[in-house]
Number of protein chains: 2
Amino acid sequence: MTDKSQHLKDSVSLVNSYHKAAISVDCVIFGFEDEKLKILLIRSDLEQFKGKWSLLGDAIKENEELDNAANRVLLERTGMNDVYLEQFEAFSNPNRHPGGRVITLAYCSLLNIQHHELEITDNELHWHSVKSLKDKDLAFDHKMIIEKCFKWLQKRIQEHPLGFNLLPERFSLRTLQSLYEAILNIELDRRNFRKKFFSMDYLTDTGEYETDVKHRPGKLYAFNFEKYEKNKRKWTGIDF
Amino acid sequence: MTDKSQHLKDSVSLVNSYHKAAISVDCVIFGFEDEKLKILLIRSDLEQFKGKWSLLGDAIKENEELDNAANRVLLERTGMNDVYLEQFEAFSNPNRHPGGRVITLAYCSLLNIQHHELEITDNELHWHSVKSLKDKDLAFDHKMIIEKCFKWLQKRIQEHPLGFNLLPERFSLRTLQSLYEAILNIELDRRNFRKKFFSMDYLTDTGEYETDVKHRPGKLYAFNFEKYEKNKRKWTGIDF
DNA sequence: GCAAAAGTGTTAATTCTACACCCATGC
DNA sequence: GCATGGGTGTAGAATTAACACTTTTGC
């Protein structure tokens with residue numbers, strides 16, 4: 001046995017000595033429709049949580065990376081691909097799953113509801129407005145996970161151009177503002193909002209206009225992600 | 001068998017069917033000394049990584065929460081307790097550990113080096129300046145984890161009063177500024193820096209002064225965490 | 001022509017930046 | 001008394017907040 005394989009054996013037996021646990025991913029999938037922030041839920045598979053709503057989740061497979069697992073869950077449950085996904089937080093309370101210990105990694109996903117028609121709707125998969133959740137009973141610790149993730153989103157959307165993932169590629173400024181107002185639960189001044197976004201200079205005028213609208217149609221813009229990636233600044237100033 | 005225990009059995013067998021993996025925590029422990037940001041490392045236990053530096057980590061135990069595991073690692077390796085710790089990110093590359101699959105959760109910790117004398121220094125446990133790491137070879141994917149965590153810290157310290165965990169309870173404004181300059185790797189204007197912190201109004205004048213300093217001693221301040229918790233604002237404005 | 005939302009500018013207040021001199025202490 | 005860093009103020013620039021009227025379109 002060479003030195004190298006001896007080392008390998010040592011680290012293998014070390015890892016074998018570790019306690020092992022099941023690991024899952026749970027996707028908190030946000031969408032935006034009818035001026036409301038929504039979230040995608042299914043009825044829980046578990047008898048114990050019969051009637052309760054649940055995030056889309058699954059155990060990870062052997063040798064599967066967490067990010068891939070989250071993408072797979074999304075694909076399997078909704079048939080959709082190429083969606084913005086971000087690791088959010090791990091939840092490890094030993095009693096969070098009635099079937100035994102399952103550590104879960106919550107992922108946050110933002111997508112455009114119109115562009116992602118649900119191709120699979122097993123287990124009553126559908127969109128729920130985030131506001132309606134407070135009266136609903138959720139499986140596992142999913143209510144807590146959603147609340148934390150929502151707060152994270154509220155904060156993050158102010159500092160990163162996440163929100164555009166919830167909109168179609170071309171959108172009016174009114175829609176963009178509604179998005180911010182819905183997520184942050186505040187009202188914003190229309191003129192200042194426009195000024196702010198125009199001064200950032202990441203919106204491209206597509207030359208197109210809204211259609212099927214019963215008033216003066218607004219211009220449609222696209223967010224210039226490349227320009228943002230190039231220009232985003234590092235230092236923003238101490239402020240808390 | 002009652003309905004309830006039947007359900008329990010179902011979810012138990014479901015969880016039993018899941019793939020299980022070893023899970024570890026790795027603590028990225030920052031300290032501040034000699035005007036430099038430092039990080040605590042040990043020599044790797046593994047023969048394979050002989051001579052390489054490693055984060056402080058360990059596998060989690062049965063029924064142990066991740067946060068507790070991170071605190072335990074800190075206690076076991078350094079003898080210290082009651083330290084600021086925050087979950088950072090999960091790393092799940094199947095090849096990141098030579099002994100087999102180990103998913104790790106990186107935790108970030110900030111502590112005051114003077115107040116936490118190392119009581120245990122096995123495996124050459126000691127502080128390394130963050131800057132010196134770029135020439136060093138680290139075990140596992142720890143270099144990448146540290147880099148990501150450092151960037152996270154740079155961003156986070158601008159928006160949250162994290163940095164005070166690196167300082168003694170009473171500190172001079174000069175020290176506070178050095179801290180920001182060391183972490184962000186920039187120079188700041190002393191007058192504007194003071195104005196900024198005084199205007200936030202979270203610094204309490206302790207009435208004490210620096211000692212053992214060979215120039216005019218500076219006033220010592222304490223950060224008022226309670227006041228911060230009460231006042232911290234939700235809306236900061238869209239800016240990216 | 002009327003309803004509904006699009007589009008647009010100015011002013012005052014606030015915050016940020018840049019910058020220079022006197023002060024208190026140890027030696 | 002001199003070296004060292006502590007402490008302070010102001011003016012111009014930039015950003016933000018508050019606020020109302022005209023324009024375009026569908027009906």
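Per chain, numbering begins at 1; letters A, B, ... match sequence-line order. None of the values given here were measured: they were computed from a predicted structure. All values below come from the heavy atoms of this structure, side chains included, with hydrogens, waters and symmetry mates left out.
- To the nearest angstrom, P of C/dA5 lies 16 Å from CG of A/D212.
- Counting to the nearest Å, the C1' atom of C/dA6 and the CG atom of A/D189 are 14 Å from each other.
- For residues 192-202 of chain A, proximity to DNA chain D is found at A/N192, A/K195, A/K196, defined as any non-hydrogen atom under 4.0 angstrom from a strand atom.
- Taking A/H128 as the reference, A/W53, A/H126 meet the ring-ring contact (aromatic ring centres under 6.0 Å, His included) condition, with sequence neighbours excluded.
- Interface limits on DNA chain D: the 5'-most and 3'-most nucleotides within less than 4.0 Å of chain A heavy atoms are D/dT16 to D/dG26.
- With a 4.5 Å cut-off on side-chain heavy atoms, B/L220 and B/F171 do not count as touching.
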- Query: Passes side chain to side chain donor-acceptor pair (under 3.5 Å), B/S178 versus B/T175? Steps please.
  - Reply: CA-CA 5 Å; B/S178 305; B/T175 307; 5.9 Å; no

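- Using a 4.0 Å heavy-atom cutoff across all strands shown, B/R191 reaches at least one base atom of the nucleic acid.
- A straight line from CD of A/Q177 to C1' of C/dG7 spans 13 Å, rounded to a whole angstrom.
- Judged as a salt bridge (charged side-chain N to carboxylate O under 4.0 Å, His left out), the pairs with a partner in residues 150-167 of chain B (not counting sequence neighbours) are, in order, A/K155-B/E159, A/E159-B/K155, B/E86-B/R156.
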Distance-only donor-acceptor pairs under 3.5 Å for side chains of residues 181-188 of chain A, two or more places apart:
residue: A/E181; atom: OE1; partner: A/R174; partner atom: NH2; Å: 3.3
residue: A/E181; atom: OE2; partner: A/Q177; partner atom: NE2; Å: 3.0
residue: A/E181; atom: OE2; partner: A/L188; partner atom: N; Å: 2.9

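- Remark: B/E229 engages B/K232 in a side-chain hydrogen bond (donor to acceptor under 3.5 Å, both in side chains) (not counting sequence neighbours).
- Mapping B/D239 and B/E210 onto DNA chain D by nearest heavy atom places B/E210 at the nucleotide closer to the 5' end.
- Partners of B/F197 by ring-ring contact (aromatic ring centres under 6.0 Å, His included), not counting sequence neighbours, listed by chain and number: B/Y180, B/F193.
- A/W127 meets the ring-ring contact (aromatic ring centres under 6.0 Å, His included) test with no other residue; sequence neighbours excluded.
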Donor-acceptor list for residues 103-114 of chain B side chains, cut-off 3.5 Å, not counting sequence neighbours:
residue: B/T104; atom: OG1; partner: B/S24; partner atom: O; Å: 3.2
residue: B/T104; atom: OG1; partner: B/S24; partner atom: OG; Å: 2.7
residue: B/T104; atom: OG1; partner: B/D26; partner atom: OD2; Å: 2.6
residue: B/Y107; atom: OH; partner: B/D67; partner atom: N; Å: 3.2
residue: B/Y107; atom: OH; partner: B/D67; partner atom: OD1; Å: 2.5
residue: B/S109; atom: OG; partner: B/Y84; partner atom: O; Å: 3.0
residue: B/N112; atom: OD1; partner: B/Q114; partner atom: N; Å: 3.4
residue: B/N112; atom: OD1; partner: B/H115; partner atom: N; Å: 2.7
residue: B/N112; atom: OD1; partner: B/H115; partner atom: ND1; Å: 2.8
residue: B/N112; atom: ND2; partner: B/L166; partner atom: O; Å: 3.3

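- One atom, OH of A/Y209, and another, C1' of C/dG7, lie 10 Å apart when rounded to the nearest Å.
- A/T236 meets the side-chain hydrogen bond (donor to acceptor under 3.5 Å, both in side chains) test with B/Q158; sequence neighbours excluded.
- Take B/D212 and apply the side-chain hydrogen bond (donor to acceptor under 3.5 Å, both in side chains) test, not counting sequence neighbours, and it matches no residue.
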Check the interface with nucleotides 24-26 of chain C: list each N/O to N/O pair with the protein under 3.5 Å, or write none.
residue: C/dA24; atom: O4'; partner: B/R216; partner atom: NE; Å: 3.4

